[in-house]
Amino acid sequence: MRPKTLLALLLSGTLLATGCGTGSGSGSSKDESGPVRLLVFGAPEELAAYRTLTEAYRKARPGTDVQLVEASDRKDLLARLATSVAGGAPPDLFLMNYRFYGQFAAKNVVEPLDERIAGSDAIDPADYYPVAMDAFKWGGKQLCLPQNVSSLAVYYNRTLFAKYGVPEPKAGWTWNDMVSTAIAMTRDSRGVPVKGTESEGAAARPTVHGLGIEPSIIRVAPFVWSAGGEIVDDPDKPTRLTLDTPVAREALKNMVDLRQAYGVVPTDEEVEAEDDESRFANGRLAMLMSSRRSTTTFRSITDFEWDVAPLPVYQKQVGVLHSDAYCMTRGAKRKDAAWRFLEFAISAEGQRIIAATGRTVPSHIGVSQSPAFLGPSQPPRSAKVFLDTIPTVRALPTVSTWPEIEDVTYGILENALYRGDRLDDVIRDLDQQTRPLFARGEHG
């Protein structure tokens, strides 16, 4: 089982100890010599996309330079940002998901961008999807500018579906449709369907599993919403989870049943040995629920054809927002130079470049509807699925302790999915262990 991490709590203490990371203060600063430092993380393919963007900036703006500070993963990025702020030498910019930036916004680490936006000829807020822009507002101020607006989609192996004669997922399919499809696609080494978990003690273990899903609150949320429920008591100022309602209980039970009743998702041991993204790329997973960021990795696949489908529905189509933004640190030493790169990266020009790498669903409305994103030359051919979901996408609560809430809920949901913990115990533990975190959290 993945251990519960105390990273977010440690970060909170580090930031508090630094006096809110005030650094050199807000507003414009005199640019010092040296490159703009941009802190990012990602898989090798994602980092290559950011290198492409920074190289394009150097060519478009001779004499400029941007240095990527590459973290190994999200935890490493959060730790590096916190320690660099504490040490008085933060990066000029960092790229972060809206679910995680609140802990830094609450400690006054992030530079508001409203004045710079108002004076910019390159950025018009009306050109960007509001749901992504709004996710990075804190205290009524625009703290960061989003590079992407994505939702979960279901990646699927078209070649495997054709091989086994199973109909491909399509818009409007239901949760039960997805379960039936996953059952049909769970096969042993002979290509024979493996039904339920009872066969896994025998020789006929699945060599292809029907579905990969992360046991997390961000995977549960869209299905609770789709069924007409809520995951918190107040989306603006939440005080507790509301997963004890009948619709939320049903969504939780249905997720657990994927492993416990149907055996269509890999076991915990199998996921530890080979994560779901690698298993899909290696042809041993028929479907995977993931965001747009998986596209850069999957474009290296040569052994089979793949595509994306929308999430299944309960009552209505609802997605969960996945969005990353460029944020400027309040203690940045090269704010003007950092802003010039940020302008480029967020502009139509910059977003076309990064969209071509496959990494993003552009937050710039015009670019998202252009061949730079929708062009059929590279998969997925159904890229429009990501755009079709934007009108129904919902953001998770913006609260400074949300990273800790995700960590705690992940451990509980992981045990439920793989170990089969009693649903009543799961819901009780989710409530009891997250209430103190909500109480301690600050809101944007």
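From His443, atom NE2 reaches atom OG1 of Thr398 across 9.5 Å, with rounding to the nearest 0.5 Å. To the nearest 0.5 Å, atom CZ of residue Phe94 and atom CE of residue Met328 are 10.5 Å apart.
The existence of a salt bridge linking Lys253 and Glu250 is excluded, since no basic side-chain nitrogen approaches an acidic carboxylate oxygen closer than 4.0 Å. Between Asp424 and Arg249 a salt bridge is recorded (basic side-chain N to carboxylate O distance below 4.0 Å). A salt bridge between Arg74 and Glu406 is absent, with no side-chain N of the basic residue lying under 4.0 Å from a carboxylate O of the acidic one.
By the side chain to side chain donor-acceptor pair (under 3.5 Å) test, Asp234 is found to be paired with no residue, residues two or more places apart in sequence or in another chain being considered. By the salt bridge (Lys or Arg N to Asp or Glu O under 4.0 Å) test, Lys163 pairs with no residue at all, sequence neighbours left out. Under the salt bridge (Lys or Arg N to Asp or Glu O under 4.0 Å) criterion, Asp431 pairs with Arg435, sequence neighbours left out. With sequence neighbours left out, Asp421 forms a salt bridge (Lys or Arg N to Asp or Glu O under 4.0 Å) with Arg419. With sequence neighbours excluded, the residues satisfying side chain to side chain donor-acceptor pair (under 3.5 Å) with Asn254 are Tyr314. In this structure Thr239 satisfies the side chain to side chain donor-acceptor pair (under 3.5 Å) test together with Asp233, sequence neighbours excluded.
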Would Val208 and Thr186 count as a side chain to side chain contact (heavy atoms under 4.5 Å, CB included) if you check the C-alpha gap in whole Å, the side-chain angles of each, and the deciding distance to 0.1 Å? CA-CA 5 Å; Val208 173; Thr186 301; over 6 Å; no
Could you go step by step and tell me if Tyr262 and Val179 meet the side chain to side chain contact (heavy atoms under 4.5 Å, CB included) rule? CA-CA 8 Å; Tyr262 306 117; Val179 173; 3.8 Å; yes
Hey, mind stepping through Asp407 and Lys75 against salt bridge (charged side-chain N to carboxylate O under 4.0 Å, His left out) and telling me if it holds? CA-CA 11 Å; Asp407 286 338; Lys75 292 180 184 178; 5.9 Å; no
Does the side chain to side chain donor-acceptor pair (under 3.5 Å) test come out yes or no for Thr295 and Tyr155, once each step is laid out? CA-CA 9 Å; Thr295 294; Tyr155 291 79; 2.9 Å; yes
For a side chain to side chain contact (heavy atoms under 4.5 Å, CB included) check, start with the C-alpha distance between Thr389 and Lys384, then their side-chain angles and the critical distance, and finish with the verdict. CA-CA 9 Å; Thr389 64; Lys384 193 171 180 292; over 6 Å; no
Does the side chain to side chain contact (heavy atoms under 4.5 Å, CB included) test come out yes or no for Leu39 and Leu93, once each step is laid out? CA-CA 6 Å; Leu39 178 62; Leu93 299 169; over 6 Å; no
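For residues 211-254, the set of pairs meeting the ring-ring contact (aromatic ring centres under 6.0 Å, His included) definition, not counting sequence neighbours, comprises Trp175-Phe223. Residue pairs that meet the salt bridge (charged side-chain N to carboxylate O under 4.0 Å, His left out) test with at least one member in residues 285-303, sequence neighbours left out, are Glu46-Arg293. Listed by first and then second residue, the salt bridge (charged side-chain N to carboxylate O under 4.0 Å, His left out) pairs that reach into residues 214-231 are Glu230-Arg394, sequence neighbours excluded. Within the structure, every pair that satisfies the salt bridge (charged side-chain N to carboxylate O under 4.0 Å, His left out) test and touches residues 273-285, not counting sequence neighbours, is listed here: Glu274-Arg279, Glu274-Arg284.
A donor-acceptor pair is defined here as one N or O able to donate and one able to accept, closer than 3.5 Å; no such pair exists between the side chain of Arg190 and the backbone of Arg187. Put simply, the side chain of Gln315 gets close to the backbone of Ala227: a donor and an acceptor are under 3.5 Å apart. The backbone N or O of Ser290 lies less than 3.5 Å from no partner atom in the side chain of Ser294, so there is not a single donor-acceptor pair. A donor-acceptor pair is defined here as one N or O able to donate and one able to accept, closer than 3.5 Å; no such pair exists between the side chain of Thr357 and the backbone of Ala49. Listed for the Thr207 side chain is a donor-acceptor partner under 3.5 Å among the backbone atoms of Asp188. Using modelled atom types, no side-chain atom of Ser226 and backbone atom of Gln317 make a donor-acceptor pair closer than 3.5 Å. Side-chain N or O atoms of Gln142 include one that pairs as donor or acceptor with a backbone N or O of Cys144 at under 3.5 Å. Using modelled atom types, no side-chain atom of Asp257 and backbone atom of Gln260 make a donor-acceptor pair closer than 3.5 Å. Judged purely by atom type and a 3.5 angstrom limit, Thr52 uses its side chain to pair as donor or acceptor with the backbone of Ala48. Proximity of a side-chain donor or acceptor of Asn148 to a complementary backbone N or O of Asp324 within less than 3.5 Å is detected.
In this structure, Phe341 and Tyr57 have perpendicular ring planes: the angle between them is above 60°, well past the 30° mark. Ring-plane geometry between Phe386 and Phe373 is classed as perpendicular, the angle between the planes exceeding 60 degrees on a 0 to 90 degree scale with a lower cut at 30.
Ile217 places none of its side-chain heavy atoms less than 4.5 Å from the side chain of Ile405. The shortest side-chain heavy-atom distance between Glu111 and Thr329 does not fall under the 4.5 Å cut-off. When side chains are defined from C-beta on, Phe304 counts as touching Phe280, because their heavy atoms get closer than 4.5 Å. Using a 4.5 Å cut-off on side-chain heavy atoms (C-beta onward), Leu413 and Val220 make contact. In this structure the side chain of Asp425 never reaches within 4.5 angstrom of the side chain of Ile412, judged on heavy atoms. For the pair Lys137 and Leu143, the minimum side-chain heavy-atom distance is 4.5 Å or more. Side chains of Thr181 and Met178 form no contact here, defined as non-hydrogen atoms less than 4.5 Å apart. A heavy-atom distance below 4.5 Å is found between the side chains of Trp402 and Pro397.
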Below 3.5 Å, can you tabulate the donor-acceptor pairs from side chains in residues 361-369 to any protein atom, sequence neighbours excluded?
residue: Ser363; atom: OG; partner: Pro146; partner atom: O; Å: 2.6
residue: Ser363; atom: OG; partner: Gln351; partner atom: NE2; Å: 2.9
residue: His364; atom: ND1; partner: Gly366; partner atom: N; Å: 3.3
residue: His364; atom: ND1; partner: Val367; partner atom: N; Å: 3.2
residue: Ser368; atom: OG; partner: Tyr129; partner atom: OH; Å: 2.7
residue: Ser368; atom: OG; partner: Ile365; partner atom: O; Å: 2.7

Could you pull out every donor-acceptor pair under 3.5 Å between side chains of residues 305-312 and any protein atom, sequence neighbours left out?
residue: Glu305; atom: OE2; partner: Arg158; partner atom: NH1; Å: 2.6
residue: Trp306; atom: NE1; partner: Phe298; partner atom: O; Å: 3.1
residue: Asp307; atom: OD1; partner: Arg381; partner atom: N; Å: 3.4
residue: Asp307; atom: OD1; partner: Ser382; partner atom: N; Å: 3.0
residue: Asp307; atom: OD1; partner: Ser382; partner atom: OG; Å: 3.4
residue: Asp307; atom: OD2; partner: Arg381; partner atom: NE; Å: 3.3
residue: Asp307; atom: OD2; partner: Ser382; partner atom: OG; Å: 2.7

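A donor atom on one side chain and an acceptor atom on the other are found under 3.5 Å apart for Asp177 and Thr174. In this structure, a donor-acceptor pair under 3.5 Å is absent between the side chains of Thr401 and Glu404. Between the side chains of Gln147 and Tyr128, no donor N or O sits under 3.5 Å from an acceptor N or O.
Between His322 and the options Val149, Ile218, Val393, Leu396, a side-chain contact (heavy atoms from CB on, under 4.5 Å) holds for only Ile218.
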